[in-house]
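Data block below; observations after.
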Amino acid sequence: MEPITLEITILKPITKVWEFFTDPEHITQWNFANDTWTCPNAENDLQIGGAFNYRMEAKDESFGFDFKGIYDEVAPFEKIKYHLDDGRKVKVLFERIDETTTKVTEIFEPDLEQPAEMQREGWYSILDNFHKHVENN
């Protein structure tokens, strides 16, 4: 399957977008696809070879999983590359449009066992939650 690309424009400066994307205190506020889910814990060692682990759970506690990976490249305010535990690769690009506008692009290798459109929708929902969190705080 071809990589999936998602883009979103956020009306905030790149420094704030970067902070909210990488700070565990903020990650727990936006890292879920819909209101029936939560991210109760986030650990993030943002350096090459560093690991991250974001716990994602249904609010009714019926299901949960750890979203884990290792950083392969970190260029502050520009890009983050990492690979997930299953080996899939993800790239996140941060582009300063102007002083108050930032474009975020996520490119990820889809899970071959899940429908691509379902993954696109789920990842976009999380990115949209991120967008709302940044703009509202």
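If you read the sequence from its start, that first residue is 1, and numbering goes on from there. Not measured: the values here are computed from a predicted model.
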So do [Y] and [X] actually touch side chain to side chain, heavy atoms under 4.5 Å?
X    : Y    : answer
E43  : P24  : no
T22  : N44  : yes
L127 : W30  : no
D111 : Q119 : yes
V92  : T105 : no
P76  : W18  : yes
F21  : I80  : yes

How long is the span from the [atom1] atom in [X] to the [atom2] atom in [Y], to the nearest 0.5 Å?
X    : Y    : atom1 : atom2 : value
T102 : F94  : OG1   : CZ    : 9.0 Å
I107 : L93  : CD1   : CG    : 5.0 Å
I10  : T100 : CD1   : OG1   : 12.5 Å
N31  : M56  : CG    : CE    : 4.5 Å
I4   : E106 : CD1   : CD    : 11.0 Å
E99  : T15  : CD    : OG1   : 9.0 Å

Any donor and acceptor pair, going by atom type alone, linking the side chain of [X] with main-chain N or O of [Y] inside 3.5 Å?
X    : Y    : answer
D66  : K68  : no
T28  : E25  : yes
E135 : L11  : yes
R88  : E109 : yes

Considering all heavy atoms of both residues, which atom of [X] and which atom of [Y] are nearest to each other, and what is their separation?
X   : Y    : result
P3  : P110 : CA-CD, 4.0 Å
C39 : Y54  : SG-CB, 4.2 Å
A33 : G122 : CB-O, 4.0 Å

### Task
State plainly whether the residues E61 and K59 are in salt-bridge range, i.e. N to O under 4.0 Å.
no
### Query
In terms of side-chain geometry, is the basic nitrogen of E95 or K103 positioned less than 4.0 Å from the acidic oxygen of its partner?
yes
### Task
Decide whether M118 and W123 are clustered together by the hydrophobic rule: side chain heavy atoms of Ile, Leu, Val, Met, Phe, Trp, Tyr closer than 4.5 Å, transitively.
no
### Message
Let me check something: do V90 and L6 share a hydrophobic cluster, defined by ILVMFWY side-chain heavy atoms less than 4.5 Å apart, either directly or through other members?
### Response
yes
### Task
Step by step, work out the side-chain contact (heavy atoms from CB on, under 4.5 Å) result for Y71 and L46.
CA-CA 7 Å; Y71 290 108; L46 187 64; 3.6 Å; yes
### Task
Hey, can you tell me if F20 and H26 have their rings parallel, tilted or perpendicular (30° and 60° cut-offs)?
parallel
### Task
Give the ring-plane orientation class for F52 versus Y82, where under 30° counts as parallel, over 60° as perpendicular and anything between as tilted.
perpendicular
### Task
For F65 and F67, run ring-ring contact (aromatic ring centres under 6.0 Å, His included): C-alpha distance rounded to whole Å, both residues' side-chain angles, the deciding distance at 0.1 Å, then the answer.
CA-CA 6 Å; F65 64 94; F67 185 76; 7.1 Å; no
### Query
Given the rule in the side-chain contact (heavy atoms from CB on, under 4.5 Å) test, do V134 and K132 qualify, once you have shown the distances and angles that lead to the verdict?
CA-CA 6 Å; V134 176; K132 291 172 187 170; over 6 Å; no
### Verdict with reasoning, V17 to F130, per side-chain contact (heavy atoms from CB on, under 4.5 Å)
CA-CA 9 Å; V17 172; F130 171 67; 3.8 Å; yes
### Message
Ignoring hydrogens and geometry beyond distance, is a side-chain donor-acceptor pair present between T101 and D98 at under 3.5 Å?
### Response
yes
### Query
Quick check: are there more than 12 heavy atoms from other residues, nucleotides or ligands sitting under 6.0 Å from CD of E2?
no
### Message
Atom CG of residue position D35 - does it have more than 12 heavy atoms of other residues, nucleotides or ligands inside 6.0 Å?
### Response
no
